[in-house]
Amino acid sequence: MAIFIGEHTRLVVQGITGRDGSFHARQMRDYGTRLVAGVTPGKGGQTFDADVPIFNTVVDAVEEAGANTSVIYVPASFAADAILESADSGIELIVCITEGIPVADMMRVMPYIEERGCRLVGPNCPGLIVPGICKVGILPGQIVLPGRVGIVSRSGTLTYEVIFQLTSAGIGQSTSIGIGGDPIIGTDFVDCLRAFEADSETDGVVIIGEIGGTDEQTAARFVSENMTKPVVGFIAGQTAPPGRRMGHAGAIISGSEGTAEEKTRAFRENGIAVAERPADIVDALQAVV
Amino acid sequence: MAIFIGEHTRLVVQGITGRDGSFHARQMRDYGTRLVAGVTPGKGGQTFDADVPIFNTVVDAVEEAGANTSVIYVPASFAADAILESADSGIELIVCITEGIPVADMMRVMPYIEERGCRLVGPNCPGLIVPGICKVGILPGQIVLPGRVGIVSRSGTLTYEVIFQLTSAGIGQSTSIGIGGDPIIGTDFVDCLRAFEADSETDGVVIIGEIGGTDEQTAARFVSENMTKPVVGFIAGQTAPPGRRMGHAGAIISGSEGTAEEKTRAFRENGIAVAERPADIVDALQAVV
Amino acid sequence: MNIHEYQAREIFQAHGLPVPDSEVVDTPEGAADAARSLGGRVVIKAQVHAGGRGKAGGVKLAADPEEARDAAGLILGMEIKGLTVRKVLVAPTADIATEAYVGIVMDRVSQRPVMMVSPEGGVDIEEVAETNPEAIFKETIDPRYGLLNHQATRLAYRLFSDPSLARPAAGVLLGLWRAYRSADATLAEVNPLISTSSGEVLAIDAKMNIDDSALFRHPALEAMRDEDAEAPSERRAREAGLSYIKLEGSVGCCVNGAGLAMATMDLVKYYGGDPANFLDIGGSSNPEKVVCALEIMAGDPNVLSILFNIFGGITRCDDVANGIVEATSRLELRVPLTIRLTGTNEDEAVGILGVAGFEADTDMDRAVQRAVRAAGVQ
Amino acid sequence: MNIHEYQAREIFQAHGLPVPDSEVVDTPEGAADAARSLGGRVVIKAQVHAGGRGKAGGVKLAADPEEARDAAGLILGMEIKGLTVRKVLVAPTADIATEAYVGIVMDRVSQRPVMMVSPEGGVDIEEVAETNPEAIFKETIDPRYGLLNHQATRLAYRLFSDPSLARPAAGVLLGLWRAYRSADATLAEVNPLISTSSGEVLAIDAKMNIDDSALFRHPALEAMRDEDAEAPSERRAREAGLSYIKLEGSVGCCVNGAGLAMATMDLVKYYGGDPANFLDIGGSSNPEKVVCALEIMAGDPNVLSILFNIFGGITRCDDVANGIVEATSRLELRVPLTIRLTGTNEDEAVGILGVAGFEADTDMDRAVQRAVRAAGVQ
């Protein structure tokens with residue numbers, strides 16, 4: 001089953017003829033994802049790698065190729081409209097990889113998405129991977145292992161590191177999902193935790209947070225109130241100075257809010273085992289799952 | 001029971017210190033409507049006629065005076081925001097009397113209203129009256145008679161005329177509602193027909209349409225598909241020339257659409273008895289109710 | 001409010017649409033000068049608030065300034081659907097490869113603006129809608145978001161498969177939306193939007209209607225009103241705050257409320273008469289409006305009988321009665337007057353009218369019948 | 001991006017806020033001239049990207065041009081939170097009757113802008129939020145509608161019961177929203193918004209942060225960047241497309257990805273070291289960036305040890321390896337280098353590094369421990 005993606009996923013890549021789009025389209029297809037279409041306005045009628053039809057618009061990809069999931073690799077200044085286009089075309093799951101979308105654009109996107117009842121993952125995220133079945137985004141396929149632990153994270157390479165350490169220790173994953181490092185994102189920790197809790201193929205969850213905002217605190221309360229499955233947590237940014245943006249647009253301690261200390265405390269108080277080092281996640285998981 | 005208003009109505013008048021607002025506030029209160037508050041920014045803390053508290057904002061009227069219904073008499077350039085304010089303050093029924101609100105403003109208002117799940121009647125409408133119980137708007141109280149016929153109309157004085165003729169013939173009304181003559185309105189014919197169909201105090205309905213748009217055709221289909229109670233119809237504007245706006249912003253035949261002939265045919269084809277003259281409504285009603 | 005093509009062209013140009021430069025003139029000599037300064041072949045187009053001006057002979061081609069002078073001479077002063085042509089547009093002719101329709105209308109059903117495009121341009125879009133509806137493509141515009149880029153792109157690729165045409169066409173659609181929104185329009189159209197054989201996309205016609213209710217916040221648009229396009233009586237009524245439309249019948253109708261006014265006109269017809277006008281004095285009780293209304297109707301030579309039908313609600317019957325007495329004391333009424341009054345202050349009104357020698361009825365049907373008879377129809 | 005008070009004042013003024021005219025100068029003599037031209041008492045305010053400048057002595061009153069010169073002389077060149085004051089604002093003093101706070105922040109929970117006002121202005125709003133939260137009033141702004149008139153009115157009457165103050169205050173709130181929206185701000189504040197004893201409402205301070213991601217569409221705002229407020233190494237990193245923040249520790253960390261970079265710094269700390277910086281080379285594989293990163297870290301005199309931690313995904317390990325080889329051939333590295341590489345093209349990278357005499361580890365913990373030891377901490 002896994003969460004959000006799987007064998008039912010019929011993917012359209014928005015920006016398939018771009019540098020990143022074409023590279024990752026091949027990676028995803030080679031991993032086993034059902035890549036049914038690409039979109040690049042003006043290249044409708046052409047094909048990608050001889051067998052993937054390219055359309056001018058997402059609605060064509062939905063109507064003619066049956067796409068139900070989109071992944072976005074278009075530049076930041078066009079990405080918000082690409083999300084709106086997918087939402088407007090009947091796509092059910094939109095995964096936006098693009099980094100650097102203006103906050104004001106995302107604030108307009110969110111109510112549009114919600115009105116149409118579709119799911120957005122990202123932006124500025126690595127996407128999702130169900131080991132051996134399907135990947136949507138840029139998570140490296142070679143480090144994952146099929147299994148029963150769910151991973152949800154605000155980071156990219158830190159997630160890879162954790163997956164890599166789990167896989168090295170023989171702990172497989174049901175689904176790994178990177179929700180993105182921006183202050184305004186679609187799917188959040190709670191959405192993923194709820195889905196993992198409901199997923200019959202997941203036995204436990206790793207949640208990887210970082211400084212900035214209060215999503216980890218909200219997630220911690222959700223875990224304590226709604227989850228039966230064990231959860232292990234890690235927070236990056238204990239050494240981050242306040243008021244400085246640590247790479248991710250969302251990773252900034254403002255005022256008294258959003259410190260790693262506070263988030264770690266919230267995790268502990270709500271029954272989440274906190275790993276001090278990424279390497280400790282393996283032990284913590286082995287203790288609870 | 002009636003529809004939309006009644007003994008449960010707790011009214012706030014937006015623009016209570018204006019010329020029209022103060023006049024009609026008194027008329028409504030004298031008719032028996034529970035007038036609990038008025039709103040005029042800057043006059044908060046004062047009272048209207050010594051016993052009605054005035055607030056700066058609608059939210060204060062809701063929280064401090066328990067208002068659940070608002071009626072709007074503010075000038076056209078402020079009226080759209082007055083509707084938004086009521087919707088935003090938890091008001092359940094908003095009746096907007098103001099005429100001349102720009103179409104673009106109303107197009108922004110509609111999704112806002114819908115998101116908050118409240119009901120708007122109007123704009124550019126005379127409001128509602130439940131004979132002997134409650135009136136919200138400007139319908140003259142002296143011409144109505146308690147009874148079991150519902151009246152719904154796009155007009156103002158034409159509605160009065162019909163009510164007057166019914167009352168003169170001894171036919172009383174459960175609720176009379178003027179939905180307004182603008183191209184974009186909140187509550188439409190179908191909303192009212194559905195409510196009258198469900199209302200245990202209504203036995204039959206008079207629907208008064210006019211040229212412009214296709215609301216009468218939609219209403220006719222609704223009557224044929226969903227109504228068990230008899231409906232009598234009248235359409236104004238058989239002699240109206242195409243392409244000219246007949247007073248109401250919505251009363252204009254554009255292209256092949258919206259002629260009185262077409263609407264009359266739609267009424268007849270869907271089982272609505274059509275009165276050729278206002279006076280014929282009485283006979284038509286007596287034949288069916 | 002309608003504005004002229006040349007005015008809509010200016011607005012569209014200001015919003016970045018590729019509208020070729022043109023000139024508007026009111027003399028044949030001016031047309032010749034314009035043709036000279038534009039160079040080459042030109043088209044002379046009547047600027048008049050009426051559809052079908054092409055069929056009526058209001059659009060002519062001219063190969064040189066002399067032909068432009070002659071063509072303008074024929075068009076200026078021409079009557080199209082009752083309106084005199086006082087200005088012509090002189091525009092360069094275009095080398096047309098394809099003609100498309102693009103427009104935005106206010107859709108009452110969705111309560112939103114709808115953008116429509118069709119590759120079958122240059123003809124009446126209502127005709128295309130009837131004969132070939134699948135050649136029309138639509139996008140509903142969420143007024144909270146405006147026309148979105150991908151919507152413009154979607155429509156543009158319905159018009160052109162070639163990206164070098166579709167891209168500028170998408171730009172035209174976005175510009176048209178900006179023009180529509182910022183002018184509070186209820187209609188904005190380019191018909192035709194052409195592609196040329198050299199691969200340009202051009203808007204060679206322009207049409208726009210403005211929401212009357214929004215004119216208060218657009219003084220520059222209000223100033224575009226062509227008062228020559230209104231009958232003088234309609235202009236006078238508008239300035240007095242009356243809603244008046246002149247028709248061809250003989251029974252003048254003065255009513256409070258638009259719905260009741262239409263119903264009254266219909267009843268005149270029902271009883272064999274013909275209404276001379278629609279006239280709504282509105283909800284206010286200003287006697288001056290009544291005076292103005294009576295003067296306008298009395299000034300219509302077709303009018304053989306005048307009917308007042310007043311249902312007093314907010315409108316007070318005594319105010320209307322005072323207005324009638326005041327007006328009839330100022331002007332010698334050459335036609336019979338029938339008065340129907342009921343509602344607020346009805347008794348006072350009957351008294352006022354009685355003193356001045358007028359009778360008032362309270363029954364609408366009876367009054368309409370009497371007014372029709374007074375016009376000598378029956 | 002932070003902008004200075006004087007820049008925010010200009011933006012607010014352009015959006016109609018009642019901001020008193022002021023001048024920004026960079027010499028004591030300039031301050032005296034400004035005080036002369038403004039007339040009367042003035043306030044001299046350090047223009048520096050740091051809070052608490054008042055407590056730090058960066059704000060002084062001056063009764064006349066001479067005092068203004070002296071005050072500016074004291075403030076210019078002063079260090080506030082590590083930043084040198086290079087400009088001061090000279091503004092007229094105001095006759096303050098009340099002080100309010102008004103501001104708009106981007107709220108991550110509601111995913112919308114939130115306007116906050118408090119009649120307790122002139123102090124840190126975070127303090128008010130903790131000590132007296134019921135003195136803060138909020139309106140969430142629907143980004144599809146913007147701040148609505150009635151929301152501004154609601155908030156204005158929370159600040160002032162007198163309509164002659166509440167009305168202009170509502171105008172200030174609407175103007176602040178327009179400024180916020182049109183500048184793609186993430187914060188816009190007036191603290192304090194004052195009323196004067198003569199009944200005026202004035203914005204006598206101004207603060208604004210701009211969304212870095214939106215700067216591409218605001219070249220005029222991008223030009224407001226004060227490069228003097230950045231450490232030179234930070235500016236260089238920004239220009240090279242690196243995300244770099246200088247800290248005080250001795251272990252330079254170069255990582256791909258912000259989350260992994262933070263986790264690496266935390267692990268340095270865990271093993272007893274102190275990170276010298278945050279440095280994310282991002283997802284690209286450009287060797288030039290690696291060169292620049294190494295040069296920046298090597299140029300930090302505090303750095304005693306440099307650690308690379310690269311998890312190859314999109315980033316190719318061989319590109320990073322090439323960058324390291326290239327950089328070390330250009331500059332004489334005076335501190336030990338520890339390299340951890342794993343993932344895409346890991347084997348090629350190990351080969352490249354081996355040829356150049358570098359060893360690479362694949363285990364993060366081991367590499368961090370080694371880098372910490374190399375800094376001589378343990």
Using a 4.5 angstrom heavy-atom cutoff, name the option from Gly250(A), Ser155(A), Ser254(A), Ser153(A) with the most pairs to chain D.
Gly250(A)
Best-contacting candidate, Arg245(A), Met106(A), Gln142(A), against chain D by heavy atom pairs under 4.5 angstrom:
Arg245(A)
With respect to chain A, which residue among Asp280(D), Asp211(D), Asp142(D) yields the maximal number of heavy-atom pairs within a distance under 4.5 Å?
Asp211(D)
How long is the span from the [atom1] atom in [X] to the [atom2] atom in [Y], to the nearest 0.5 Å?
| X | Y | atom1 | atom2 | value |
| --- | --- | --- | --- | --- |
| Met107(A) | Arg144(D) | CE | CZ | 12.5 Å |
| Asp182(A) | Ser213(D) | CG | OG | 6.5 Å |
| Tyr160(A) | Thr342(D) | OH | OG1 | 13.5 Å |
| Asp215(A) | Arg108(D) | CG | CZ | 6.5 Å |
| Asp365(D) | Asp280(A) | CG | CG | 8.0 Å |

Counting C-beta onward and ignoring hydrogens, is there a side-chain heavy-atom pair between [X] and [Y] closer than 4.5 Å?
| X | Y | result |
| --- | --- | --- |
| Gln238(A) | Lys269(D) | no |
| Arg112(D) | Pro111(A) | yes |
| Phe278(D) | Pro241(A) | no |

Honestly, the part of Met246(A) sitting under 4.5 Å from a heavy atom of chain D is both
Region of Ser77(A) that comes under 4.5 Å of a non-hydrogen atom in chain D
both
With a 4.5 angstrom heavy-atom cut-off, could you sort out which part of [X] is near chain A: side chain, backbone, both or neither?
| X | result |
| --- | --- |
| Gln111(D) | both |
| Arg217(D) | side chain |
| Glu234(D) | side chain |
| Met106(D) | side chain |
| Ser110(D) | neither |
| Asp184(D) | side chain |

Pairwise salt bridge (Lys or Arg N to Asp or Glu O under 4.0 Å) hits with a residue in residues 250-265 of chain D, at least two apart
none
Using heavy atoms and a sub-4.5 Å threshold, report which of residues 237-247 of chain D line up against chain A, by residue number.
Ser243(D), Ile245(D), Leu247(D)
Residue list, ring pair (Phe, Tyr, Trp, His ring centres under 6.0 Å) with Tyr270(D), at least two apart or on another chain:
none
Got a sec, which residues hit salt bridge (charged side-chain N to carboxylate O under 4.0 Å, His left out) with Glu114(A), two or more places apart in sequence or on another chain?
none
Backbone of Asn256(D) reached by a side-chain donor or acceptor of Thr157(A) within 3.5 Å:
yes
